[in-house]
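Bear in mind that the values here come from a model prediction, so they are computed numbers and not experimental data.
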Amino acid sequence: MWEHQAGYRWSLEQLAYEVLDRAGANVDPRAYLIGFRDNGQVTVEPARGHFDRDILADALDRAQQRFARSKARREAGDDENALAAAESYVRREVLAEKLGEAARTVGRQHFAGIGVPIGEWFVVPVLAIHADPWNDLARLRRTPAGDSSPRSFPEAAVTAVLDAASRELDRRVPGVRLHVDPDAVLRSAADVFVSTLVQRAGQDLAHGVRHALDAVSAQPYEGRAGTGSVLLAQQGHPDLTVEVALEHPVPVALARSFRKVLEMSDADLHLLCDGREVFGLGTLADTYNADSEYVFTATISGNGSWELWHQSTPLLRMDNGLPQLPRERLDEDEFSHTVDLVFPEASARNARQLWEMAVACARQSHGTMLVVHPDAAAESDRLLPQVHAITPARLTGRVLTAATSIDGAVLVSPDGRVHAVGVILDGVATGTGDSGRGARYNSAIRYLAGAGRGAMVIIVSEDGKIDLLPKLKRRMRRETVQRAVDRLVARSAEGEELEAFDRANRAVVAIEFYLNQEQCDQVNAARDAVQGREWAAEHLRRQFVPVAPDPAMDDSYFVDRRTGASEG
């Protein structure tokens, strides 16, 4: 089709991987270019037989037939731009279906980009992704008939990648690779997705909502970071209970005014916003039909961070302008695994008690911190007078709420008994903190590096998320690790394609923590072999950092150590 099509396609795959990885979607994207000629000829890059070209031969004709009788065609009328957009949408839809039929491997879902004429060819960029992890991602349940809007942020990201690829193709001579900033693609996808949610909420004329939420989450008010919640809903929605109606609504574009009224909201009383302006404070009634997907919640946690949810479905998280999928609440199995490693003498019942305390704290409207120390009694004495020591007891319900309502952490022993409240943690700067996180998180980092070594800290943020320190790796199956190593070794053999090696190497990088000495030796030898051949053939020196066993790794990280555990 053109001279540099192989390099271009590979750079598309790398862009898709980077964008989706940053978005939080581990779906192993593969990129293809499908070329169509007027005589019915079809070509595929790479030409490895991934698709049955005979099945694809009539794809464009099928797309034209469907478009001619589509609702989108009728609604576009005589508007040339609307007609072109509608035809492109129908073509992409039909091509994705035909690619699924033509694929010679199963288990992948296909997405087609906008086709671009290049010489005698009509070229379409395509992404194929693993269907199982894709279908497990949080998304809206429905899409209105004929609506091409994305149901999830990763779907918006896939479309944004393909759109960027089509724009790069639409040049007089397409380049050898895509010169596209992954962060710019992600922000574009976030803009489209947030606009989609606002439109679903009933406001077709709202633009810049994502920028407005970015601004208000980063805007301080009287020295305080912005925290609160916003319901995105149409004014007059029958399931909205308006407690306070603003006679003069506040435009969301006015960041200072938006931030000021945010002070009035909390977990149980939301700002009401239609995407253009804040028109009051209120709540969503229990009568709301969640299947309608017309009302969304923006939870603002301050310091440039906010999240969008529909009921219990996490849709988008923004951290200082960079989008991703929201971090899910801590998994109970992961929590129990951490307790097991940090406190080997603790029982499963103890782990359950600590988990219930953390979950109870997450339901509260304010953040807090639980410090689980192996000798909580002695630690309480050591930290005097910067703690309020109490008679050791297991606290639940309103008593636990009272204990966590004051500044400072709650000091707990591994058996779930509280020894002190209002604990001010000590520690020294270590250089291992996170400047993007708050004081609570970083004080826990400093404490664990000093006098708190051997303890565990449970951090509950104002938006109900739970962080657990120390951060430990998930458990994994031994055979999963060995399979990744074996695949890398096989792909490093002479005659194997470099792309296949790069994909296998990417998989090994993700599991390097779990490698034993023999596996490390195999990985290093495979990388050295590829590095040597590249240098001999093209005088290109690829730098691989030799991998060695991680001293923190032991058999407890393997899932087959304990029956019934699940793979990480």
Within a strict 4.5 Å, meaning less than it, do heavy atoms of the [X] and [Y] side chains meet?
X: Pro323; Y: Arg210; result: no
X: Glu87; Y: Val90; result: no
X: Leu315; Y: Phe153; result: no
X: Leu186; Y: Leu322; result: no
X: Leu308; Y: Thr297; result: no
X: Arg108; Y: Asp28; result: yes

TODO: For Phe296, enumerate each residue passing the ring-ring contact (aromatic ring centres under 6.0 Å, His included) test, keeping only those at least two apart in sequence or located in another chain.
DONE: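 So Phe296 forms a ring-ring contact (aromatic ring centres under 6.0 Å, His included) with His310.
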- [ ] Report the residues that fulfil ring-ring contact (aromatic ring centres under 6.0 Å, His included) with His211, sequence neighbours left out, ordered by chain and then residue number.
- [x]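 Expected list: none.
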Can you measure from [atom1] ([X]) to [atom2] ([Y]) and round to the nearest 0.5 angstrom?
X: His110; Y: Glu97; atom1: NE2; atom2: CD; value: 12.5 Å
X: Gln234; Y: Gln203; atom1: CD; atom2: CD; value: 8.0 Å
X: Leu325; Y: Arg317; atom1: CG; atom2: CZ; value: 11.5 Å
X: Glu75; Y: Arg73; atom1: CD; atom2: CZ; value: 11.5 Å

TODO: Identify the heavy atoms of Tyr32 and Pro46 that sit nearest to each other, and give their distance.
DONE: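 Heavy-atom minimum between the residues: CD2-CD, 3.7 Å.
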Task: Shortest non-hydrogen separation from Arg276 to Asp274 and the atoms involved - done: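 Taking every non-hydrogen atom into account, N-OD1, 2.9 Å.
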Heavy atoms of other groups near [X] [atom1], more than 12 under 6.0 Å:
X: Asp78; atom1: CG; answer: no
X: Glu496; atom1: CD; answer: yes
X: Asp38; atom1: CG; answer: no
X: Asp528; atom1: CG; answer: yes

Open item on the list: Salt bridge check, Arg491 against Asp502: does any charged N sit closer than 4.0 Å to a carboxylate O?
Closed with: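 Salt bridge between Asp502 and Arg491, a charged N being under 4.0 Å from a carboxylate O: no.
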TODO: In plain terms, say whether Arg66 and Glu93 are close enough for a salt bridge, that is, a side-chain N and a carboxylate O under 4.0 Å apart.
DONE: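 Yes, Arg66 and Glu93 are salt-bridged.
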Open item on the list: Consider salt bridge (charged side-chain N to carboxylate O under 4.0 Å, His left out). Of Arg506, Arg527, Lys473, which one does Glu512 pass it with?
Closed with: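 For Glu512, the salt bridge (charged side-chain N to carboxylate O under 4.0 Å, His left out) check succeeds only for Arg527.
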Open item on the list: Check for me whether the distance between the ring centres of His237 and Tyr294 falls short of 6.0 Å.
Closed with: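 No, they do not, as the ring centres are separated by 6.0 Å or more.
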Open item on the list: Checking Glu277 now: which residues fulfil salt bridge (Lys or Arg N to Asp or Glu O under 4.0 Å) with it, not counting sequence neighbours?
Closed with: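 Glu277 satisfies salt bridge (Lys or Arg N to Asp or Glu O under 4.0 Å) with no other residue.
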Task: Partner of Leu56 under side chain to side chain contact (heavy atoms under 4.5 Å, CB included), chosen from Val124, Thr43, Val42 - done: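 Result: among Val124, Thr43, Val42, Val42 is the only option passing the side chain to side chain contact (heavy atoms under 4.5 Å, CB included) with Leu56.
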TODO: Using atom types as modelled and distance alone, determine if a side-chain donor or acceptor of Ser70 lies under 3.5 Å from a backbone N or O of Phe67.
DONE: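 Pair found, side chain donor or acceptor close to backbone of Phe67.
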Task: Polar contact flag, side-chain donor to acceptor under 3.5 angstrom, Tyr17-Glu13 - done: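 Side-chain D/A pair, Tyr17 to Glu13: absent.
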TODO: Please lay out, stage by stage, how Val509 and Val547 fare under the test side-chain contact (heavy atoms from CB on, under 4.5 Å).
DONE: CA-CA 9 Å; Val509 168; Val547 63; over 6 Å; no
